Amino acid sequence: MVKSIKNDLYFLKYVFNFSRAYVLGEAITAIINGLMPLLDIIMPKLLVDGFIYRISFRQIVFYIMVYVILQFTGSFITTFITERYINLNGHIYSMYFLFMINHKKTELGMAQLDDPEIHQKAALAEDIIYKGIGIDLIDNFFTAVTSIVSITATAIVLVHANAFLLFVILVFAVFSVISNLKMENWQLGQREENIYLTRVLNYYIDIMRDKSCTKEMRLYGFASWLVDKYNKTLEVLRIRLKKLYNKSLQITTIRIILENLKSNGIYLYLAWLAYKGKISIGGFSQYFNAASQFSESVLEFASFFMDLNINGKYISSFKDFMDLQPENYKEYSTINKEKFDKAVKAPLKLSMSNIDFKYKGMDRLVLNNINYTFEQGKVYVIAGENGAGKTTMVQLLSHLYNPCSGEILLNGVNINTFNDKDYKSLFSIVFQDFKYFAFTIGENVALDKYNRENQDTRQEIKKALKTAGLGKRVKSLEKGIDTNLGKIFYNDGVVLSGGENQKLAFARAVFHKPDILVLDEPSSALDPVAEDKLLRSFQEIAEDKIVIYISHRLSSAVLADEVLFLKDGKLCESGTHHELIKKNGEYARYYNTQAKYYTSCP
């Protein structure tokens, strides 16, 4: 219970940060809604007894006016606050917290995002947002506070009829709370598997949404197969949920029967008292309403503590995810910043020393005892067969992953001693799975450095596009760099070809003026002429940079200063293209395998 309450308080901090107006609004409306039913208990007795004992009509009008004014005031205040603050913030509540959860994902290390357990934790965190569990804490708390007032007032009224009624109502309330608690705990035990199945179903839906996947479905005609997989998973979830709701139905049915027995029993008892003349007609109405309100308030008060416990268990999944520390996380340090600034003053040398690496869950080393130094002002080509470890090498160099053993050094200093943000600022990387965003071309190039009003920024964007070979294409568009990309949001959005997308990715990398430029298969969608221009651009910009080029197409290797050939995770050979050809080793064999298709005559 204590741990659950701590979790509740943990989440309340997020709710306060989300909107203090929402919290205050919930407080005021909960208090008013808790007190308003007391009017319906007191006022009917005053009016009925007034009619029976024939008090003055002026006094009856006074009672009615007081009732109307209080009802109107309470309704107006709660409606105003609900529409102005509660509904407004309630509408964006889920978007705010879902964004927060997904933003947390962007802070995690790549190795963490490769872990299915992390994705399960994220799904469990999102689940409490969809259920509205966290935001209900505010309403439940202030409802419980007003319940105390209601319980006290109605208990005083009921004692005048028969104090035993309090005991009867409390006994039924205890049973209701215990049955609810058992049901909630049982549902909590089913949650992990149900969330997993929901993740699988959402994945199938995402496949159907994805435009590139839609092409595959139409080409290979496997839509019905995917639908069948979806339906089978849905059926498993349906069976589990059916069992859950059947159990809920059983408990709810028993509770309804007992609630009716209690209410009707109290009604008959009060009717008997009125018949015997022990209470007035107005008293009958007052006592019955008081009994109903007392019962409801006791349940609300008890449910609050039950919800504190249950909600705290749900919120623990949110806390577990949000408290995850990024793999390379450490507090930003000015001392580490000074080390970094000192290290980058000299011409850059980026070294891999005795590097071993394998992905989580794999037995085989993806990189095995890699030793190599990259130097500023040179163009490097990393070549090798699929699965040789080329992209993995780049991901280690850029500190997206940590090596299992060995170290990476920048000018002789271990990169783990630097602030991660500072070190990553050296890099611009164009990955082979580059994605453009549904923003303008200018925003896609400059990203967070984009400023539409800044002419210097706009010129830098155009210069980067020209360097990437996309300048003429963008200039031909009516809105130039202000042209929107994609058709998701814009009717006039432009859809770039595969080659143009790769040029856009290159322009983004160049714009950010990196010290280390990495291109992973950047020419896979380019024609030979465009690839030749791109390669020559590398040579032009490599004077003050380390340029690393990963490619299967070895035409790029001819222009490189150094070629690294990987095989089975090992650095098999390194040297210039001509040196490696003369060596007639693995690289030469690999190169000649490609070259024969260009040199042979039909």
Side-chain angles (χ1 to χ4, degrees), residues 101-127 191-207 210 212-213 216 226 229-230 232-233 236-237 316-330 352-372 382 384-408 414-416 420 424 429 431-435 518 520-521 550 552 566-572:
I101 291 168
N102 282 280
H103 183 263
K104 179 67 179 182
K105 290 180 185 178
T106 67
E107 298 174 349
L108 299 178
M110 294 300 295
Q112 291 170 297
L113 295 177
D114 289 338
D115 189 347
E117 290 183 12
I118 296 294
H119 291 281
Q120 179 72 356
K121 284 185 176 183
L124 290 168
E126 290 174 354
D127 180 56
R191 181 171 175 246
E192 287 253 3
E193 181 63 21
N194 290 345
I195 291 296
Y196 172 77
L197 292 170
T198 303
R199 280 178 56 210
V200 175
L201 291 171
N202 286 334
Y203 174 71
Y204 293 144
I205 292 171
D206 288 341
I207 291 175
D210 193 295
S212 59
C213 293
E216 299 262 345
L226 189 63
K229 289 176 75 69
Y230 179 89
K232 285 179 180 177
T233 307
V236 174
L237 181 60
S316 67
S317 58
F318 177 86
K319 184 176 186 297
D320 288 345
F321 180 74
M322 295 303 294
D323 286 350
L324 286 173
Q325 290 293 346
E327 189 180 33
N328 297 326
Y329 176 80
K330 55 177 177 280
M352 304 183 80
S353 176
N354 302 317
I355 294 295
D356 288 341
F357 178 79
K358 64 180 179 180
Y359 292 101
K360 184 177 181 179
M362 293 180 62
D363 296 325
R364 181 181 67 86
L365 285 173
V366 179
L367 292 176
N368 186 356
N369 195 33
I370 302 295
N371 289 276
Y372 194 79
I382 303 177
E385 298 174 355
N386 288 332
K390 303 183 296 296
T391 299
T392 301
M393 177 183 281
V394 166
Q395 291 175 334
L396 291 176
L397 287 171
S398 58
H399 212 204
L400 292 176
Y401 289 87
N402 284 321
C404 297
S405 62
E407 57 182 351
I408 297 174
N414 191 310
I415 63 171
N416 287 323
D420 196 53
K424 283 189 169 70
I429 304 179
F431 289 111
Q432 53 187 306
D433 55 355
F434 164 80
K435 299 287 185 184
V518 180
D520 189 355
E521 296 289 353
I550 300 173
H552 288 95
L566 299 181
K567 184 176 182 180
D568 298 329
K570 296 181 179 180
L571 180 55
C572 187

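Computed from a predicted structure; not experimentally measured.
For the residue pair Pro403 and Gly406, the shortest heavy atom distance occurs at CG-O, 4.1 Å. Residues Gly569 and Ile370 come closest through the heavy atom pair O-CD1, 3.5 Å. Considering every non-hydrogen atom in both Lys358 and Arg364, the closest pair reads CB-O, 3.3 Å. When all heavy atoms of Gly389 and Leu367 are compared, the closest pair comes out as O-CD2, 3.6 Å.
Considering only heavy atoms from C-beta on, Ser353 stays 4.5 Å or farther from Ile408 through its side chain. Counting heavy atoms from C-beta on, the side chains of Thr106 and Asn102 never come closer than 4.5 Å. Side-chain atoms of Ile382 and Met393, non-hydrogen and from C-beta on, do get closer than 4.5 Å to each other. Considering only heavy atoms from C-beta on, Leu566 stays 4.5 Å or farther from Lys570 through its side chain. Between Leu201 and Leu237, some side-chain heavy-atom pair lies under the 4.5 Å cut-off.
Only one option out of Leu396, Asn402, Leu365 pairs with Phe357 in a side chain to side chain contact (heavy atoms under 4.5 Å, CB included); it is Leu396. When the options Arg191, Gln120, Glu126 are evaluated for a side chain to side chain donor-acceptor pair (under 3.5 Å) with Ser317, the one that passes is Arg191.
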Evaluate Leu124 against Phe318 for side-chain contact (heavy atoms from CB on, under 4.5 Å), listing each step before the verdict. CA-CA 7 Å; Leu124 290 168; Phe318 177 86; over 6 Å; no
The test is side-chain contact (heavy atoms from CB on, under 4.5 Å); show your working for Ile205 and Tyr230 and say whether it passes. CA-CA 8 Å; Ile205 292 171; Tyr230 179 89; 3.9 Å; yes
Going through the distances and angles, do Ile207 and Leu226 end up as a side-chain contact (heavy atoms from CB on, under 4.5 Å)? CA-CA 9 Å; Ile207 291 175; Leu226 189 63; 3.7 Å; yes
For a side-chain contact (heavy atoms from CB on, under 4.5 Å) check, start with the C-alpha distance between Glu407 and Asn416, then their side-chain angles and the critical distance, and finish with the verdict. CA-CA 9 Å; Glu407 57 182 351; Asn416 287 323; over 6 Å; no
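Between the side chain of Asn368 and the main chain of Asp356, no donor-acceptor pair closer than 3.5 Å is present. With hydrogens and angles disregarded, a donor-acceptor distance shorter than 3.5 Å links the side chain of Lys390 to the backbone of Gly384. Using modelled atom types, one side-chain atom of His119 and one backbone atom of Leu113 make a donor-acceptor pair closer than 3.5 Å. A donor-acceptor pair is defined here as one N or O able to donate and one able to accept, closer than 3.5 Å; such a pair exists between the side chain of Gln112 and the backbone of Gln325.
When only modelled atom types and interatomic distance are considered, Thr392 and Tyr359 share a side-chain donor-acceptor pair under 3.5 Å.
Taking OH of Tyr372 as the start and CE of Met352 as the end, the distance is 12.0 Å to the nearest 0.5 Å. A distance of 9.0 Å separates CG in Asp520 from CD1 in Ile429, rounded to the nearest 0.5 Å. The line from NZ of Lys121 to CG of Asp323 is 10.0 Å long, rounded to the nearest 0.5 Å. In this structure, OG in Ser316 is found 14.0 Å from CZ in Phe321, a value given to the nearest 0.5 Å. If you take CG on Asp114 and CE on Met362, they are separated by 10.5 Å, rounding to the nearest 0.5 Å. In this structure, the separation between CD on Glu193 and OG1 on Thr198 is 9.5 Å, given to the nearest 0.5 Å.
In Asn371, the CG atom is crowded: over 12 heavy atoms of neighbouring residues, nucleotides or ligands sit closer than 6.0 Å. Heavy atoms from other residues, nucleotides or ligands lying under 6.0 Å from OH of Tyr196 number 12 at most. Annotation: Glu192, atom CD; neighbour count of heavy atoms from other residues, nucleotides and ligands within 6.0 Å does not exceed 12. In this structure, Lys104 places its NZ atom where more than 12 heavy-atom neighbours from other residues, nucleotides or ligands lie under 6.0 Å away.
Salt-bridge annotation for Asp115 and Lys360: present, with a side-chain N of the basic residue lying under 4.0 Å from a carboxylate O of the acidic one.
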